[in-house]
Amino acid sequence: MSIALFALRRFGRGLFTILFAVTVTFLLLRLLPGDPALAIASPNMTDETRAALLTQYGLDQPLIVQYVLYLGQMLQGNLGTSFTQSIPVVDVLMQRLPWTLLLTMSALFLTIAVGIPLGVLAASHRNRFLDRLVQVFGVTGQSLFVPSVGIVLLFFFGLVLRVFPIGGAYDDGVYGVEWYGSVLSHLVLPVVSLTLIQLGSYVLTMRATLIDALGEDYITLARAKGVPPRSILWRHAVRNALLPATTLIGLQLGFLVGGAVLTETVFAYPGIGRGIYEAVTQLDFPVLQGAFLLLAATVVVANLLTDTAYGFLDPRVKTA
């Protein structure tokens with residue numbers, strides 16, 4: 001099977017996944033308790049006003065009609081209008097998307113930069129103290145809960161030590177170089193929180209794949225030829241062990257997106273995740289639908305790119 005056909009099949013599955021996510025989100029939101037009309041106007045509005053608002057936003061239509069209308073608008077690039085902000089949902093998401101991208105990409109970069117060396121360190125010292133120490137760290141990281149980690153970091157580094165800010169994305173009234181410094185200082189705790197959650201699985205995966213690679217015949221042959229151990233480890237074993245790690249990057253991005261929702265809520269970070277939390281409390285259906293659509297599309301695209309890249313790196317998947 002060619003790479004093009006392989007990518008096309010993955011793309012088709014991705015579209016089905018997005019449609020499924022959109023459908024589930026649409027139905028679940030309608031099960032939330034409360035009156036969405038209260039998010040549009042005051043609780044003291046008359047029945048006539050309420051009925052008019054429901055008609056304006058199409059909430060008086062049968063559920064299947066609302067669903068079909070939403071799909072039609074979505075295909076045209078129209079995600080609706082926010083109930084509470086009265087602006088297009090696309091604008092709401094675009095205001096928050098840069099902050100989420102900054103957070104998740106920073107956490108992903110830090111996870112890879114720290115995870116690969118730790119995995120290599122553990123595998124190259126297999127069954128020794130360093131290996132067991134890294135394994136304990138990895139297993140502990142996998143058992144951590146995002147909000148708990150965020151709250152602990154906020155308490156010690158934000159309230160007790162007062163080293164980093166405890167919320168937001170930057171300080172008001174700062175400009176120029178100081179503004180970038182403020183953004184960086186506000187970014188540290190959320191990034192560390194997300195990285196600690198994801199790092200454990202990445203380290204353990206890298207360790208396991210590298211141990212398998214070090215047991216391959218070509219490694220034994222390289223040792224017999226007198227190739228230096230460092231060259232065997234980094235030029236041969238690590239290079240091949242990175243193939244499964246490439247797939248894990250795509251999966252990690254999905255977990256990062258999910259973790260960002262909780263992390264941004266804990267740290268009051270103005271990204272998509274924080275927007276989802278606020279939209280839930282306000283029953284802002286259009287914003288919620290648009291946010292979950294964006295998150296689902298992000299995960300699908302990340303996995304599609306990862307699968308395609310893996311197809312180039314390992315020709316065996318072309319026939320899968």
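In this text the structure is predicted, and so the values were computed from the model without any measurement. This chain uses plain numbering: 1 for the first residue, then up along the sequence.
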**Student:** Please round to the nearest 0.5 Å and tell me the distance separating atom CD1 of I272 and atom CG of L295.
**Tutor:**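 If we round to the nearest 0.5 Å, I272:CD1 and L295:CG are 6.5 Å apart.
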**Student:** Is it the case that atom OH in Y170 sees more than 12 heavy atoms from other parts of the structure closer than 6.0 Å?
**Tutor:**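 12 or below, so no.
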**Student:** Kindly say whether P228 contributes a backbone atom to a donor-acceptor pair with the side chain of S231 at under 3.5 angstrom?
**Tutor:**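 No; zero donor-acceptor contacts below 3.5 Å.
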**Student:** Indicate the ring-plane relationship of F157 and F164, choosing parallel, tilted or perpendicular according to the 30° and 60° boundaries.
**Tutor:**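 Rings of F157 and F164: tilted, 30 to 60°.
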**Student:** Does a donor on one side chain and an acceptor on the other come within less than 3.5 Å for D91 and Q95?
**Tutor:**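 Side-chain D/A pair, D91 to Q95: absent.
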**Student:** Whether the side chain of Q73 engages the backbone of L79 through a donor-acceptor N/O pair (distance < 3.5 Å, no angle test) should be reported.
**Tutor:**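 Not confirmed, Q73 side chain does not pair with L79 backbone.
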**Student:** Side chain of R274, backbone of T265: donor and acceptor closer than 3.5 Å?
**Tutor:**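 Judged by distance alone, yes, a pair lies under 3.5 Å.
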**Student:** Between T209 (side chain) and M206 (backbone), is there a donor-acceptor pair under 3.5 Å?
**Tutor:**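 Yes, the answer is positive, given that a donor and an acceptor are paired below the 3.5 Å cut-off.
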**Student:** Is the closest side-chain heavy-atom distance between Y269 and L102 below 4.5 Å?
**Tutor:**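 Yes - at least one pair of side-chain heavy atoms lies under 4.5 Å apart.
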**Student:** Between the main-chain N or O of Q198 and the side-chain N or O of S201, is there a donor-acceptor pair closer than 3.5 Å?
**Tutor:**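 Checking the backbone N and O of Q198 against the side chain of S201, a donor-acceptor pair under 3.5 Å is found.
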**Student:** Evaluate whether atom CD1 of I166 has more than 12 neighbouring non-hydrogen atoms of other residues, nucleotides or ligands under 6.0 angstrom away.
**Tutor:**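 No.
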**Student:** Would the distance check show the side chain of S82 and the main-chain N or O of I87 forming a donor-acceptor pair, the cut-off being under 3.5 Å?
**Tutor:**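 No, because the side chain of S82 does not come within donor-acceptor range (under 3.5 Å) of the backbone of I87.
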**Student:** If you group Ile, Leu, Val, Met, Phe, Trp and Tyr by side-chain heavy-atom gaps below 4.5 Å, do L293 and F16 land in one group?
**Tutor:**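 No, it is not one cluster - the side chains of L293 and F16 are not joined through contacts under 4.5 Å.
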**Student:** Using modelled atom types and a 3.5 Å cut-off, is there a donor and acceptor pairing between side-chain atoms of S182 and backbone atoms of D171?
**Tutor:**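 Yes, the answer is positive, given that a donor and an acceptor are paired below the 3.5 Å cut-off.
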**Student:** Within the distance-only criterion (no hydrogens, no angle test), does the side chain of R207 pair as donor or acceptor with the backbone N or O of G119 below 3.5 angstrom?
**Tutor:**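 No: the side chain of R207 does not pair with the backbone of G119.
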